[in-house]
Every structure is written in C-alpha cells, then in structure tokens.
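Worth knowing before you read on, the calculation uses all heavy atoms, side chains too, and leaves out hydrogens, waters and symmetry mates. We name chains A, B, ... by the order of the sequence lines, and we start the count at 1 in each one.
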Amino acid sequence: MLDRKFIRENRDKIEALVEAKNAKLDVDQLYRLDGEVLRLKQELEGMRKKRNELSTEIGKQKKTGGDASQLMAEVKAQDDKEKELNEQHRKSEDEYLELASWLPNIPDDSVPVGKDESANKLIREWGKQPEFAFKPLPHYELGEALGIIDFQRATKIAGARFNVMCGKGAALERALISFMLDRAGEKGYLEIYPPFMAARESLFNCAQLPKLEDDMYRLPEDDMFLIPTAEVPLLSFRAGEEIKTAELPLLYTAYTPSFRREAGSYGKDTRGLIRQHQFDKVELFALTKPAESFEQLEKLTADAESILQALALPYQTVILSTGDMSFASTKTYDLEVWMPAQGKYREISSCSNCTDFQARRAGIRFRDENKKLSLVHTLNGSGLAVGRTWAAIIENYQQQDGSVVVPEVLRSYLGGLETIIAVKD
RNA sequence: GGAGAGGUGACCGAGUGGUCGAAGGUGACGGUCUCGAAAACCGUUGUACGGGUUUCCGUACCCAGGGUUCGAAUCCCUGCCUCUCCGCCA
C-alpha cells in the first residue's frame, strides 16, 4: 500500500508508476473516489459533531430533571440524512481502498527503466564457468540415472511439476537446507520455523493479494492459502507490532517449502527442477529503519551471494528493470546461477527492498529519532531456492562417468560423502 | 468437535449506559536532589484522519463487523483470537 497523502499529492508520479510497472487500474476513478471520500467525510463529521453536542446537552437536562424531548427530536431529525451519508462514505471508501490496493510500490531512482526483463542490467559476475571435456547433461537426466530423483513416479502422487527425491538426493536437499540456515545464523539472522499455511490477511499484507490470488493454492473452507514464499509468514510474524527501536534491524531466516500453481507458465521449464509446484527455499528477511533499508538490501544480497560462493557455483547478479520487478518491491537484485546443460544463467534468488509498502499493510512500526511512530522497511531475499541449488550442483559438479562431486562445504552435512554415484541394483 | 471464561492504551490492570480517550501501576521522557548513579519526589507521555496551520479545533478508535439508544468500552447479535475442562488425534 502506498501512503494516501502521497497518492493524493503526486498524481503525476502515480501515473508514471502505473506506466512503469504495467499496473492495470483506472487512475481517474481513483482520484475521483478519493475526492468523494473526503467530501462525504467532512459532511458526516459535521453531523456527528452536532449529534454529540446535543446528546451531551440531553444528558445534562436529564440529570437536572429538565425536559429534553425537544432536543431528542432535533437529533432524531438528522437520522436519515446521517445514515445515508454514512452508507455513501463507507461505499466510496471501500471502492477507493480496493482500487488503491492495485497500486504497486514505486521503483527506486537507481532502478533501470524498462518494459520487461530485456532492460535488466548486469551488476557483477562471480566464479568461472566449469569446462567439460564432454557434453554436460541436464540435472534431471543425471539425477534420474543416479537414482536420486524421480519425476515420473511423482506424477502418481500429485501430477506434473512435482518430484520425489531419493537416497542421497533427498539427503542433499536436507543438507542444503541445513547449510543455508547455518550460514544465515552465522550472519545474525534468527532462525524461524513458521506455519506453511497463511490466512488471507497475511497474504494481503505481503501484497501477494489481490494481484496473485490465482497463482496460489487455496483452501476454501478455511480461506487459507499454502504459502508461496516464507516472506508471507515472516512478515506477518511481527504484524501490528511496535518494534523497539533498539531491536532494529531485525534479521530472520526460515526454511519453508513454497507452493505455486504456476498458472500461465505452461510449456516453460517443463523438465527438471526449475519450475515446480512445491519447492524448498531458505528465506532471508529483514526489518529496518527507513534510512538503512537500501544499505541492508546490499548486505542481504551479499549474504545470499555468499552461499553461492561457498558452494563455488558461478553466478551473476542482475538488477531488475521497472517492468520486471515484483508488485511490492522498489529495487530488486536477482542472482542467476550458471546451468551448464542449458548454457545459461538461471534465477536462483531474488532480493528486494519493499520499503514501507508491506509494513503499511501489516502495521509494523517503530519510534524514530523524533519519537514519532513510523513504518519500518521490509526486505526479503531467497538465500537460496534449494531445488534450483540442488540442480545447479548436479550440473556444475558432474563428472564424465555420471557421478557428481559433493561441494566441500556440504560434506560434513552428508556424513563425509565426497561423490554421489549411481546405486547398483 | 462439546462446555465454560475472557479479549481495555508500549505493558499490567480498573471501569456494566451520559461529565470516559478512559483510574491506578509499570515502562519511557523531562526536572529536583547527587561529584555521578540509584532511591525518593514533581511533571510529561495514545493513534489515525480531516480542517486551520505557533502551542488550535473536529471526527473516529477500549479485538473485528453489525444492532439497540438522543447517547455504548459498558447492552444485544455474528465472527476472529486466547485460556480452562472434556472428547479425538501425531
């Protein structure tokens, strides 16, 4: 949610925003409703004032045994008008809020302007792409040959875009989660283990709603959703709270699965682990003072990058253009890991500064230097998407004989295992 | 799932129809005292929106949404949440 006064006083910026982020809403209607709400509210408050004054007077009369019937009739006389005004005001207000909830957050000035991902900009590259004396295989072929992942049988359980990991494959997934959580813990993030389902309000606070309702799995009887990212529970964890200023910045990390319907992505990445309905992720999340959030974004991004570096996986860091950014973000870095079989970099993390956009919806505040209640800023980043990391390891560490070398930092998590080899049957 | 109790300001807690935005306490802040600190004492301390804009005025808010009433934190209804007991269950 954007600040209402800001919207009111910056129509030019709002129009530019709607253009830059490809938002779909009727700006004229938004401003018409805002004006109407203000007008109705003023009129309504005037009537309430009169009613309050008369009621007080009636109270006094009754106390002293005077006759209040005249006054009571006077109050009664404005009932209908007041009721109607109230109704109109509420209706306009609801319509306004509904419309305003479709306004995305405003991109930071440092973000490249562009319609889509073609305008994204490379920030830096890290690591050397491995050279193979043979044609590197995709992770799904290798993984199936090694017997550590099974896409075929997963369909019997849940259909397409799911997977079953087996043996060392399952252990590798678990090792990655533990490794990432441990690293985040070392960097000062508090580990959180939250619910994997969330109420409608949590999704709205996070700005997954209203825009992404069709992209989520829903439990209609309870009006709950399977979380599409740990960002949802981590934001709502402190919703409605006044955070003690000395506590900021608050850093949280959480492992959760993420559930996404991937509606509208038919035919994209149909093979392998890149695009699944359920995938594991270790999330990094931060609440900061406003003045520190962009600095925190650099730190948080660096923290995510450090995981890739520790795993010695080549990657590049990209800043997303205005048209490619998510709804709530003002500035987003994507980390893209090298996938040898595709010969491409693929997104493995996305780190965003949502400034006060989510905090306003969730009501998370603190006392600033002037002791005024202010909204905190929220940031989130994957650190990292575990399934895609799994895939990147299999592909980057593959050997000619079809085995996969285990990255050194993971070996202690796998009982010292150095190489994943095919299970003989 | 069944029965009961309850949800009040940063926190604890009083308040069962009018003068209650709300006692008291804690915390925080300012001051007195002190070399300094603690203690003690005095004072200050809600949010949002709208209007005027130098300290001002108004409206709303005592979980949320409806209702009764001239008037509701206080009465009624619904929902959500918490606690206790029973049942069920990993």
Would you classify [X] as touching base, sugar-phosphate or nothing, given that sugar-phosphate means primed atoms plus P, OP1 and OP2, and contacts are heavy atoms under 4.0 Å?
{"X": "Leu373(A)", "value": "sugar-phosphate"}
{"X": "Arg367(A)", "value": "sugar-phosphate"}
{"X": "Lys244(A)", "value": "nothing"}
{"X": "Arg365(A)", "value": "sugar-phosphate"}
{"X": "Ile58(A)", "value": "base"}
{"X": "Arg200(A)", "value": "nothing"}

Do the side-chain N or O atoms of [X] get closer than 4.0 angstrom to the phosphate oxygens (OP1, OP2) of [N]?
{"X": "Arg51(A)", "N": "C70(B)", "result": "no"}
{"X": "Arg48(A)", "N": "C49(B)", "result": "no"}
{"X": "Lys5(A)", "N": "G50(B)", "result": "yes"}

Under the 6.0 Å and 45° cation-pi test, does Arg238(A) pair with Tyr252(A)?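 Judged by the rule (NZ or CZ under 6.0 Å from the ring centre, within 45° of its axis), Arg238(A) is not positioned above Tyr252(A).
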
Honestly, is Arg11(A) close enough over Tyr31(A), meaning NZ or CZ under 6.0 Å from the six-membered ring centre and within 45° of the axis?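 Yes - Arg11(A) lies over the ring of Tyr31(A), closer than 6.0 Å to its centre and within 45° of its axis.
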
Integer-rounded Å distance: [N] [atom2] and [X] [atom1]:
{"X": "Asn52(A)", "N": "G18(B)", "atom1": "CG", "atom2": "P", "answer": "15 Å"}
{"X": "Lys372(A)", "N": "A28(B)", "atom1": "NZ", "atom2": "C1'", "answer": "18 Å"}
{"X": "Leu44(A)", "N": "G51(B)", "atom1": "CG", "atom2": "C1'", "answer": "15 Å"}
{"X": "Asn86(A)", "N": "C61(B)", "atom1": "CG", "atom2": "C1'", "answer": "15 Å"}
{"X": "Phe366(A)", "N": "A10(B)", "atom1": "CZ", "atom2": "P", "answer": "16 Å"}
{"X": "Lys49(A)", "N": "C57(B)", "atom1": "NZ", "atom2": "C1'", "answer": "7 Å"}

Please determine, for the side chain of [X], which listed nucleotide ([options]) has the closest atom?
{"X": "Lys41(A)", "options": "C70(B), C49(B), G66(B)", "result": "C49(B)"}
{"X": "Arg8(A)", "options": "G71(B), G50(B), U47(B)", "result": "G50(B)"}
{"X": "Lys76(A)", "options": "U59(B), C70(B), U47(B)", "result": "C70(B)"}
{"X": "Glu45(A)", "options": "C70(B), U59(B), G65(B)", "result": "U59(B)"}

Find which nucleotide of RNA chain B each of Glu242(A) and Leu38(A) is nearest to by heavy atoms, and output the residue with the more 5' nucleotide. Glu242(A)

Specify the residue among Thr56(A) and Val75(A) whose closest nucleotide of RNA chain B lies further upstream toward the 5′ end. Thr56(A)

If I pick the [atom1] atom on [M] and the same atom on [N], what distance separates them, to the nearest angstrom?
{"N": "A22(B)", "M": "G30(B)", "atom1": "P", "value": "25 Å"}
{"N": "C75(B)", "M": "G7(B)", "atom1": "P", "value": "11 Å"}
{"N": "U69(B)", "M": "C76(B)", "atom1": "P", "value": "16 Å"}
{"N": "U47(B)", "M": "C62(B)", "atom1": "C1'", "value": "13 Å"}
{"N": "U32(B)", "M": "U26(B)", "atom1": "C1'", "value": "22 Å"}
{"N": "A23(B)", "M": "A73(B)", "atom1": "P", "value": "15 Å"}

Paired with [N] by Watson-Crick or G-U wobble geometry, both distances under 3.5 Å: which nucleotide is it?
{"N": "U44(B)", "answer": "A28(B)"}
{"N": "C62(B)", "answer": "none"}
{"N": "C20(B)", "answer": "none"}
{"N": "U34(B)", "answer": "none"}

So does [X] pair up with [Y], basic N to acidic O under 4.0 Å?
{"X": "Glu213(A)", "Y": "Arg218(A)", "value": "yes"}
{"X": "Arg4(A)", "Y": "Glu93(A)", "value": "yes"}
{"X": "Lys81(A)", "Y": "Glu43(A)", "value": "yes"}

Can you classify the ring geometry of Phe162(A) versus His277(A) as parallel (below 30°), tilted (30 to 60°) or perpendicular (above 60°)? tilted

Would you check if the side chain of Asp108(A) reaches a backbone N or O of Val111(A) as a donor-acceptor pair within less than 3.5 Å?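 Answer holds: no.
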
